[in-house]
Amino acid sequence: MGEVVALVDCNNFYVSCERVFDPSLWGVPVVVLSNNDGNVIARSNEAKQLGIEMGTPWFKCAPLVARHGIRVFSSNYALYGDMSRRVMETLAGCVPAMEVYSIDEAFLYLTGMEHFGLEEYGRFIRTRVGGWTGMPVSVGIGPSKTLAKLANRIAKKNPECGGVFNITGHPRVDDILDGIAVENIWGVGSRYARMLHEHGVHSALDLSRAPDAWVRKKMTVMGLRTAWELRGHPCMEMEEAPPPKKAIVSSRSFGRPVEGLDELMEAAAAYTTRAAEKLRRQNSLVCGLTVFLTTNRFKPEPQYSNAATFSLPEPTGYTPHLIRLAHAGLRRIYRTGYRYKKVGIMLFDIVEQGEGQLDLFGGGVDPRRQALMETVDRLNGRFGKSTVSFAAEGRGSSWHMRREHLSPRYTTSWLELPLVR
DNA sequence: TCTGGGGTCCTAGGACCC
DNA sequence: TCTGGGGTCCTAGGACCC
């Protein structure tokens with residue numbers, strides 16, 4: 001008896017989050033925009049039908065809004081993150097083991113649960129998540145992650161499936177794979193898709209039947225794994241506990257062009273603070289930091305981008321230290337006369353606390369600094385983000401991203417709870 | 001006319017994901 | 001006026017070492 005996994009995917013996740021708290025959004029076209037109200041990153045089915053593509057710059061499809069009464073939202077990650085947590089907790093109560101794959105998807109381990117009836121169990125999961133959180137989900141079941149993904153797609157595309165599709169042991173599995181174009185396979189992006197079509201490999205069935213050596217040569221071992229998974233031979237492990245991040249990036253586009261070094265410094269300090277918080281949350285320290293800045297590449301004006309990288313003599317998680325480095329780097333690469341669009345910082349060479357050079361010297365982290373960071377993290381965790389912040393981040397700056405269509409933080413702010421009349 | 005073999009580490013670039 | 005953000009993995013090739 002082989003492995004069985006389910007891929008549970010929230011339908012139009014960000015849109016559904018908005019709908020949970022505003023029922024007037026049901027049945028009408030809704031879109032959610034990326035940070036800075038830049039691009040469309042989520043669409044309701046009604047919005048998809050109007051031809052709004054994923055990733056379209058918002059200003060290009062804004063005219064459709066008036067014509068079709070599209071409801072539009074800036075992304076509200078406080079809300080989406082919290083809804084995600086609720087969905088994942090509900091799923092965790094349904095199965096012995098799972099892997100949270102992204103903010104809106106999880107792989108569930110169903111091996112050994114066949115006696116419940118897999119489709120039946122999928123329907124149970126859907127009903128429970130819908131009932132407990134209000135989130136509509138689709139469930140795809142298969143003998144490998146890739147096939148579970150593929151089954152999920154079928155569940156979503158075919159209303160008669162009722163949101164659940166199981167491809168495990170399906171009598172017409174070849175027909176099903178033949179109906180899936182290579183570009184819709186998990187792990188096959190646009191580049192590989194073009195290459196495959198050029199070589200006459202058009203469907204998932206074609207790829208599953210291609211010779212191993214050829215697939216490996218053209219698509220590395222990653223492609224080979226995908227091909228095997230399509231044959232129902234699992235090659236990808238379940239990861240129940242997410243491994244610690246090897247790099248942490250924090251960057252944002254500005255709401256308007258920024259020219260002065262002072263404002264860039266504030267932004268860099270704010271992003272460094274956020275990255276350092278993430279670093280400490282996974283109990284890590286860092287040995288490398290890069291700060292970068294760039295102008296708006298879409299504008300016909302002088303362009304400049306650059307980066308400065310530092311290696312630290314010993315690992316740290318101390319925010320003020322990292323801010324000093326980011327500032328030193330920024331001073332080094334900053335040039336006057338440009339309209340900057342974005343700065344960001346990246347932490348790399350991340351080690352777990354107690355690993356690496358610390359042991360070598362037996363000393364390392366200053367306990368008073370560590371206690372200070374722990375206190376700051378605890379206060380911000382308990383009373384909300386930026387309850388305590390660093391002076392270098394500035395206050396009420398005007399460079400923050402645009403979020404002109406923001407919904408309330410219904411679930412994470414006492415002041416913005418939904419009202420029942 | 002001749003010009004080793006093998007190993008490791010690092011980096012840049014390319015591909016993918018949501 | 002207006003074009004996101006944050007990750008992972010693999011490979012080839014160069015540097016360097018013995």
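First the proteins, then the strands, lettered A, B, ... as listed; each starts at 1.
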- Within the structure shown, what part of the strands sits under 4.0 Å from A:A62 by heavy-atom distance: base, sugar-phosphate, or nothing? nothing
- Message: Could you work out, with side chain to side chain contact (heavy atoms under 4.5 Å, CB included) as the rule, every residue matching A:P257, not counting sequence neighbours?
- Response: A:R339
- Item | Closest to the A:V221 side chain, choosing from C:dG6, C:dT11, C:dC2 | C:dT11
- Answer with yes or no whether the side chains of A:D37 and A:S74 bring together a donor and an acceptor at under 3.5 Å. yes
- Query: Is any side-chain N or O of A:K217 closer than 4.0 Å to OP1 or OP2 of C:dC10?
  - Reply: no
- Report yes if a side-chain nitrogen or oxygen of A:S251 is closer than 4.0 Å to either non-bridging phosphate oxygen (OP1 or OP2) of C:dG6; otherwise report no. yes
- Task: Please check the phosphate of C:dG6 (OP1 and OP2 only) for any side-chain N or O of A:K278 closer than 4.0 Å.
- Result: no
- Phosphate oxygens OP1/OP2 of B:dC18: is one of them under 4.0 Å from a side-chain N or O of A:K149? yes
- Message: Could you go through A:N35 and A:S253, starting from their C-alpha distance and side-chain angles, then the distance that decides it, and tell me whether this counts as side chain to side chain donor-acceptor pair (under 3.5 Å)?
- Response: CA-CA 8 Å; A:N35 280 332; A:S253 294; over 6 Å; no
- Task: Select one nucleotide: of B:dC16, C:dG4, B:dC18, the one nearest the side-chain heavy atoms of A:Y192.
- Result: B:dC16
- Message: How many whole angstroms separate atom CH2 of A:W186 from atom C1' of C:dC9?
- Response: 13 Å
- Item | d(CD1, A:I103; P, C:dG5) in whole Å | 16 Å
- Side chain proximity check, A:F107 to A:K149, heavy atoms < 4.5 angstrom: yes
- Starting at the 5' end of DNA chain C and moving along, which residue's nearest nucleotide shows up first, A:R216 or A:Y14? A:Y14
- Item | side-chain N/O A:K299 vs C:dT1 OP1/OP2, d < 4.0 Å | no
- Query: C1' atom, B:dG4 versus C:dC17: distance in rounded Å?
  - Reply: 14 Å
- Do we see a donor-acceptor contact under 3.5 Å between the side chains of A:H197 and A:E183? yes
- Query: Which range-with-range stems can be found for DNA chain B when each stem has 3 or more Watson-Crick or G-U pairs in a row and both distances sit under 3.5 Å?
  - Reply: B:5-18 with C:5-18
- Message: Without decimals, in angstroms, what is the distance between A:K342 NZ and C:dT3 P?
- Response: 11 Å
- Start with the C-alpha distance between A:D178 and A:R209, add both sets of side-chain angles, then the distance that settles salt bridge (charged side-chain N to carboxylate O under 4.0 Å, His left out), and finish with yes or no. CA-CA 11 Å; A:D178 205 32; A:R209 290 180 172 177; over 6 Å; no
- Item | Nearest-angstrom distance from the residue atom CZ of A:R225 to C1' of B:dA15 | 14 Å
- Task: Scan A:R256 against the nucleic acid and name what it touches under 4.0 Å (heavy atoms): base, sugar-phosphate only, or nothing.
- Result: nothing
- Taking only N and O in the side chain of A:R402, is any of them less than 4.0 Å away from OP1 or OP2 of C:dG4? no
- Minimum heavy-atom separation for A:T90 to A:W132, with atom names? CG2-CE3, 3.6 Å
- Query: Rounded to the nearest 0.5 Å, what separation is found between the CE atom of A:M83 and the OG1 atom of A:T411?
  - Reply: 7.5 Å
- Could you check whether A:I248 gets within reach of a base, just the sugar-phosphate, or nothing at all, counting any heavy atom under 4.0 Å? sugar-phosphate
- Task: Would you mind classifying the nucleic acid contact of A:I185 as base, sugar-phosphate or nothing, using non-hydrogen atoms under 4.0 angstrom?
- Result: sugar-phosphate
- Task: Round to a whole Å and report the spacing from CG of A:N11 to P of B:dC18.
- Result: 15 Å
- Using a cut-off of less than 4.0 Å, is there contact between a side-chain N or O of A:K245 and OP1 or OP2 of C:dT8? no
- Item | Spacing between A:I350 atom CD1 and C:dG7 atom C1', to the nearest angstrom | 11 Å
- Query: At under 4.0 Å between heavy atoms, what does A:K218 touch on the DNA or RNA strands: base, sugar-phosphate, or nothing?
  - Reply: nothing
- Testing C:dT3, C:dG4, C:dT11 for proximity to the side chain of A:T220, the answer is C:dT11
- Task: Could you grab the distance from atom CZ of A:F348 to atom OG1 of A:T290, nearest 0.5 Å is fine?
- Result: 4.0 Å
- Item | A:D104 side-chain proximity, nearest of C:dG4, C:dC9, B:dC18 | B:dC18
- Message: Heavy atoms only, 4.0 Å cut-off, all strands: where does A:S190 land among base, sugar-phosphate and nothing?
- Response: sugar-phosphate
- Query: Can you check whether A:S250 has a side-chain N or O nearer than 4.0 Å to OP1 or OP2 of C:dG5?
  - Reply: no
- Query: Expressed in angstrom and rounded to an integer, what is the separation of A:L347 atom CG from C:dG7 atom P?
  - Reply: 9 Å
- Message: If I take atom CD in residue A:E237 and atom P in nucleotide C:dC9, what distance separates them, rounded to the nearest angstrom?
- Response: 13 Å
- Kindly point out which of C:dG4, C:dG5, C:dT3 is positioned nearest to the side chain of A:I41? C:dG4
- Name the closest nucleotide to the A:S253 side chain, picking from C:dG4, C:dC10, C:dT8. C:dG4
- Task: Between A:N36 and A:P244, name the one whose nearest nucleotide on DNA chain C is closer to the 5' end.
- Result: A:N36
- Of all the choices, C:dG5, C:dC10, C:dT8, which nucleotide is nearest to the side chain of A:N35 once you look at every atom? C:dG5
- Item | Side chain of A:M222 (C-beta onward), nearest among B:dC17, C:dC9, C:dG5 | C:dC9
- Task: Working to the nearest 0.5 Å, report the span between CZ of A:R332 and OG1 of A:T309.
- Result: 8.5 Å
- Would you mind classifying the nucleic acid contact of A:R297 as base, sugar-phosphate or nothing, using non-hydrogen atoms under 4.0 angstrom? nothing
